[in-house]
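Model, not experiment: these values are computed from the prediction.
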Amino acid sequence: MADTKSGRYASSSSSSSVMPLVQGPANLECKDFQEYLRTRQTPETLEKLYNYPPICLAVFRELPELARQFIIRILFVDQPVPQAVVTSWGAQRFAKEQTNATSCLTALNVWRVTAIPGGLSAWELSPTFKKSVRQVLLGGGKPWPMTNTLEKDSKPRDIAFLDSYAMSRWRCVLHYMVGTGNRNGTDAEAISPDAVRILLHANLMKRDERDGITITRQGFQFLLLDTRAQVWHFMLQYLDTCEERGISLPECLSMLFQLSFSTLGRDYSSEGMNNQMLTFLQHLREFGLVFQRKRKEGRFYPTRLALNVTSKEVATTMTVSEEEAMQDSGYIVVETNYRVYAYTDSPLQVAVLGLFTELLYRFPNLVVGVLTRDSVRQALRGGITAEQIVSYLQQYAHPNMKLVESAIQSKSCLPPTVVDQIKLWELERNRFTYTEGVVYNQFLSQNDFVTLRDYAQSIHVLVWQNERTRTMVVQKHGHDDVKRYWRKYSKGCG
């Protein structure tokens, strides 16, 4: 008989041996609002969330256009609508888009399949979702607590101040991650234990016995995201810890979306909020999503981070100084000799650049580095991909490089030799294809081995085989079929 052993195996086009799999680094999963609801929330939880009109409005806003049309057409219909009728609303050439829309609405539990007289299948909107969306569109219901009337602020804050405050608070978190921030909590630039707890929960940082708290592979990838994506991912991790904090998840999501629908530069009231929401407000204050002078003050100002956090596209742009605008629009020059010049004095931008370059010189407003095989491979080991490095360099390329790109009609503003070499350095690490499988060996006869190997090959689950040693590896999902066939074959031979 054959001996089997489960495990993970790696195969290469230049090798015919079986090797144990070394688990690769986990990539950062950045989910949008729909993916968050589909993958992390049960249908029962979704029903609870749909009791809050701001959440339903956010769900409706993020739906595909065709899905929004379906909802509007059946929102005021008090009986199920046959699926054939809904299908007839779209032209045949848009069948794929219609399928995607119906699948999205079903996955989010916005509507469900029900039977109508005659045995036909029909779509019926969730009563909770329908009620909340009607309330959002037509008005009514309880007013949002933050919309309570306030006296005129004697010291109002303008948009420029709110933008500066929001970015300074958010950069405190990023500086902490790259090790350039205060980790002792001795000044205003330090972040609180709550923020550190979220970074650890999200696996963006980890505790090391020798180095203390250090950044992880996912943390490296997190730093390369744009600010809106960073804040959204951070808030999703915060929402995962709501129940542990004794805070209601639906109320937190509802308030987060209320802030996203607010007006920038306007002050709002916190008088009608319960203790849980006041605690949530203080956390948002620390992350830079709202500004509040004092903890007990009854007014606060939402910042642009709060307005942009739940949108797929950044609806508004920060008001920044001329120097910051230059750095954000482009401050990196890359030469064909792999030299990188960064016109910046921001410790954060220098630290991010140092993730994949070897820094050579540093001047008051200029940093010089070089892309080397070792520096890029170190970034690759940290979980950063070659595509992310190239994308970062392109995103922050100096305007003069983009002018050259336009003049020579190139597809990229970066030198092709640099782009190709970065990708080649990544390919050096991707020579193996990993497959989880089961090894079969110790066959009593060559005929037994050939018979089982041919069967595994016929059902397309054979990964590797060596006829001389009578050893074969099959995919894990095909192991049960191969095992059943072997038992049947063994009984027949017996």
Could you walk me through whether Leu57 and Phe261 pass the side-chain contact (heavy atoms from CB on, under 4.5 Å) test, one step at a time?
CA-CA 10 Å; Leu57 179 58; Phe261 302 140; 3.5 Å; yes

For residues Met235 and Val309, report the shortest heavy-atom separation together with the two atoms involved.
CG-CG2, 4.5 Å

Please determine, by modelled atom types, if Gln237 and Thr241 share a side-chain donor-acceptor pair under 3.5 angstrom.
no

Could you tell me whether the side chain of Thr87 and the main chain of Gln83 form a donor-acceptor pair under 3.5 Å?
yes

For the backbone of Ser192 and the side chain of Glu286, can you confirm whether one donor and one acceptor N or O come within less than 3.5 Å of each other?
yes

Should the ring pair Tyr36 and Phe33 be called parallel, tilted or perpendicular, given that the plane angle runs from 0 to 90° and is split at 30 and 60?
parallel

Straight-line distance of Thr263 OG1 to Leu307 CG, nearest 0.5 Å
7.5 Å

Backbone of Pro415 reached by a side-chain donor or acceptor of Thr336 within 3.5 Å
no

Taking all non-hydrogen atoms of both residues into account, name the closest pair between Ile55 and Pro250 and its distance.
CD1-O, 3.6 Å

Can Tyr238 and His283 be counted as having a side-chain donor-acceptor contact under 3.5 angstrom?
yes

Quick check on His477: does its NE2 atom have over 12 non-hydrogen neighbours (other residues, nucleotides or ligands) under 6.0 Å away?
yes

Please check if the side chain of Ser262 supplies one atom and the backbone of Leu259 the other of a donor-acceptor pair under 3.5 Å.
yes

Look at the side chain of Thr102 and the backbone N and O of Thr99, then say whether any donor-acceptor pair between them is shorter than 3.5 Å.
yes

For Pro364 and Asp345, which heavy atoms make the closest approach, and how far apart are they?
O-CB, 3.1 Å

Counting C-beta onward and ignoring hydrogens, is there a side-chain heavy-atom pair between Tyr440 and Arg453 closer than 4.5 Å?
no

Does any non-hydrogen side-chain atom of Cys252 lie less than 4.5 Å from one of Met277?
yes

Quick one: does Gln218's side chain get under 4.5 Å of His233's, heavy atoms only?
no

Please name the pair of heavy atoms, one in Met401 and one in Val334, separated by the smallest distance, quoted to 0.1 Å.
SD-N, 3.3 Å

Could you tell me if the side chain of His398 sits less than 4.5 Å from the side chain of Tyr341, heavy atoms only?
no

Cys413 backbone acceptor or donor facing Gln394 side chain under 3.5 Å
no

Would the distance check show the side chain of Ser260 and the main-chain N or O of Ala306 forming a donor-acceptor pair, the cut-off being under 3.5 Å?
no

Quick one: CD1 on Ile191 to SG on Cys172, what's the gap to the nearest 0.5 Å?
8.5 Å

Heavy-atom side-chain proximity of Leu162 to Arg304 below 4.5 angstrom:
no

Under 3.5 Å, is there a donor-acceptor pair between the side chain of Ser458 and the main chain of Tyr455?
yes

Taking it one step at a time, do Phe220 and Phe356 satisfy ring pair (Phe, Tyr, Trp, His ring centres under 6.0 Å)?
CA-CA 10 Å; Phe220 287 137; Phe356 52 84; over 10 Å; no

In terms of relative ring orientation, are Tyr338 and Trp425 parallel, tilted or perpendicular, with 30° and 60° separating the classes?
tilted

Across all chains, not counting sequence neighbours, the ring pair (Phe, Tyr, Trp, His ring centres under 6.0 Å) partners of Trp123 are Trp111

Look at the aromatic rings of Tyr331 and Tyr396 and report parallel, tilted or perpendicular, splitting at 30° and 60°.
tilted

Backbone of Thr279 reached by a side-chain donor or acceptor of Gln282 within 3.5 Å:
no

Does the side chain of Ile71 reach to within under 4.5 Å of the side chain of Val59, using non-hydrogen atoms?
no

Audit row: Phe161, Phe291, ring pair (Phe, Tyr, Trp, His ring centres under 6.0 Å) steps and yes/no:
CA-CA 10 Å; Phe161 172 84; Phe291 168 77; 5.1 Å; yes

Going by the angle between their ring planes, with limits at 30° and 60°, are Tyr50 and Phe129 parallel, tilted or perpendicular?
perpendicular

Asp163 backbone acceptor or donor facing Thr303 side chain under 3.5 Å:
no

Set of ring pair (Phe, Tyr, Trp, His ring centres under 6.0 Å) partners for Phe94, sequence neighbours left out
none

Do the side chains of Asn441 and Thr469 get nearer than 4.5 Å, heavy atoms only?
no

Hey, could you give me the CG/OG distance between Leu353 and Ser346, rounded to the nearest 0.5 Å?
11.0 Å

Are the side chains of Leu66 and Asn100 in touch, meaning some heavy atoms are under 4.5 Å apart?
no

Value for OG1 (Thr106) from CZ (Arg112), rounded to nearest 0.5 Å, stands at 10.5 Å

Going through the distances and angles, do Arg38 and Gln34 end up as a side-chain hydrogen bond (donor to acceptor under 3.5 Å, both in side chains)?
CA-CA 6 Å; Arg38 287 199 302 263; Gln34 285 189 23; 3.3 Å; yes

Is it the case that Trp170 and Gln230 place a side-chain donor and acceptor less than 3.5 Å from each other?
yes

Rounded to the nearest 0.5 Å, how far does CZ of Arg61 lie from CZ of Arg68?
10.5 Å

Output, in order, the C-alpha distance, side-chain angles, deciding distance and verdict of side-chain contact (heavy atoms from CB on, under 4.5 Å) for Met177 and Leu204.
CA-CA 8 Å; Met177 292 183 62; Leu204 301 178; 4.0 Å; yes

Apply the test side-chain contact (heavy atoms from CB on, under 4.5 Å) to residues Val333 and Tyr343: give CA-CA distance (whole Å), side-chain angles for both, the deciding distance (0.1 Å), then the verdict.
CA-CA 8 Å; Val333 175; Tyr343 294 90; 4.0 Å; yes

Nearest heavy-atom contact between Leu305 and Ala166 is CD1-O, 3.8 Å

Taking it one step at a time, do Leu393 and Leu371 satisfy side-chain contact (heavy atoms from CB on, under 4.5 Å)?
CA-CA 11 Å; Leu393 295 174; Leu371 289 162; 4.3 Å; yes

Leu105 side, atom CG; Ser126 side, atom OG - distance, nearest 0.5 Å
11.5 Å

Measuring centre to centre across the rings, with the benzene-like ring taken for any Trp, is Phe222 within less than 6.0 Å of Phe234?
no

Would Arg381 and Gln378 count as having a side-chain donor-acceptor pair, cut-off 3.5 Å?
no

Ignoring hydrogens, what is the shortest heavy-atom contact between Arg362 and Pro347? Give both atom names and the distance.
NH2-CA, 4.2 Å

